[in-house]
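Take a look at the structure set out below.
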Amino acid sequence: MDDNKKVFYRNQAEGLIKKLELHKMKGYYCDTSAQAKEKILELIGEGKKTVAYGGSMTIDDMGVKDLIVKRGHDLIVRENAHTKEEIKELKTRVINSDTFLMSTNAITLSGELINVDGRGNRVCYLIYGPEQVIVVCGMNKVVTDIEEGINRVKNFASPPNTVRLKKETPCAKLGRCGNCVDDTICCQTVITRVSMVPGRIKVILVGEELGY
Ligand code: SF4
């Protein structure tokens, strides 16, 4: 990435972190995803902690899950739950976890998180449950306002996601949202304005393009 863009990202993040603070969320800035990985581990803390995660290309691409396991934490692997009983147990473990790790679909310059979810198993733990939520967000996901953020999700993030998930949705075929209902991944739109528990939501902004 060119140096000018790096300076721009840093300056933009500085203002955004102040806005997050007003919304009772903690904000951090890392130039690279390597630094962000270290920050995640620092925020998870020492000792054996329980860590869960929501589906996220950003988290997958960072390769941080292996590091969490190497540190001796108890990583709740959602892909291991198949039966009804296993899924039920998984939900209980995640809601009681120490840390929930996720990305966000967009973040506004005013410090609001925008997430569009299908089943809701990502946004529900952002809202309630785990002791802390660590949100990792590439600076490519910063938008001016909520309207732009929802547009970003529907027309720029969901299309590649539905292609990845082999969905038959309009966005997968046409590259733009067709407001579908069948087989949709857009059932819940959650705007997180304030962290009700001050500091529970921590946002790590990364000066790279991460995720969709
Ligand atoms: S509503 Fe349907 S078409 Fe629009 S982004 Fe979501 S999945 Fe794609």
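Since this is a predicted model, take the numbers as computed values, not measurements. Both ligands and their constituent atoms are indexed starting at 1 by order of listing.
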* Could you confirm whether Cys186 has any N/O/S atom lying under 2.8 Å from atom 6 (Fe) of ligand 1? => yes
* At a non-hydrogen distance cut-off of under 4.0 Å, which region of Ser158 contacts ligand 1 (side chain, backbone, both, or neither)? -> side chain
* Structure fact -> Under 4.0 Å between heavy atoms, the region of Asn155 that gets near ligand 1 turns out to be neither
* Backbone or side-chain N/O/S of Cys171 under 2.8 Å of atom 8 (Fe) of ligand 1 -> yes
In the structure I gave you, are the side-chain heavy atoms of [X] and [Y] within less than 4.5 Å of one another anywhere?
| X | Y | value |
| --- | --- | --- |
| Asp98 | Ile44 | no |
| Arg200 | Ser195 | yes |
| Ile204 | Val135 | no |

* To do: Starting from the C-alpha separation in whole Å, work towards a yes-or-no answer on side chain to side chain contact (heavy atoms under 4.5 Å, CB included) for Phe100 and Gln132.
  => CA-CA 6 Å; Phe100 186 69; Gln132 68 170 350; over 6 Å; no
With heavy-atom distances below 4.0 Å as the criterion, list the atoms of ligand 1 near [X].
| X | answer |
| --- | --- |
| Thr184 | 1 (S), 2 (Fe), 6 (Fe), 7 (S) |
| Lys154 | 5 (S) |
| Gly178 | 3 (S), 4 (Fe) |
| Ile185 | 7 (S) |

* Structure fact -> for atom 4 (Fe) of ligand 1, nearest protein heavy atom and its distance come out as Cys177 SG, 2.3 Å
* So which protein heavy atom does atom 2 (Fe) of ligand 1 come closest to, and at what separation? -> Cys180 SG, 2.2 Å
* Asked: More than 12 foreign heavy atoms under 6.0 Å from CD of Glu147: is that the case here?
  -> no
* Polar side-chain atom of Asn140 near backbone of Leu210 as donor-acceptor pair, under 3.5 Å -> yes
* Salt bridge between Glu21 and Lys18, side-chain N to carboxylate O under 4.0 Å? -> no
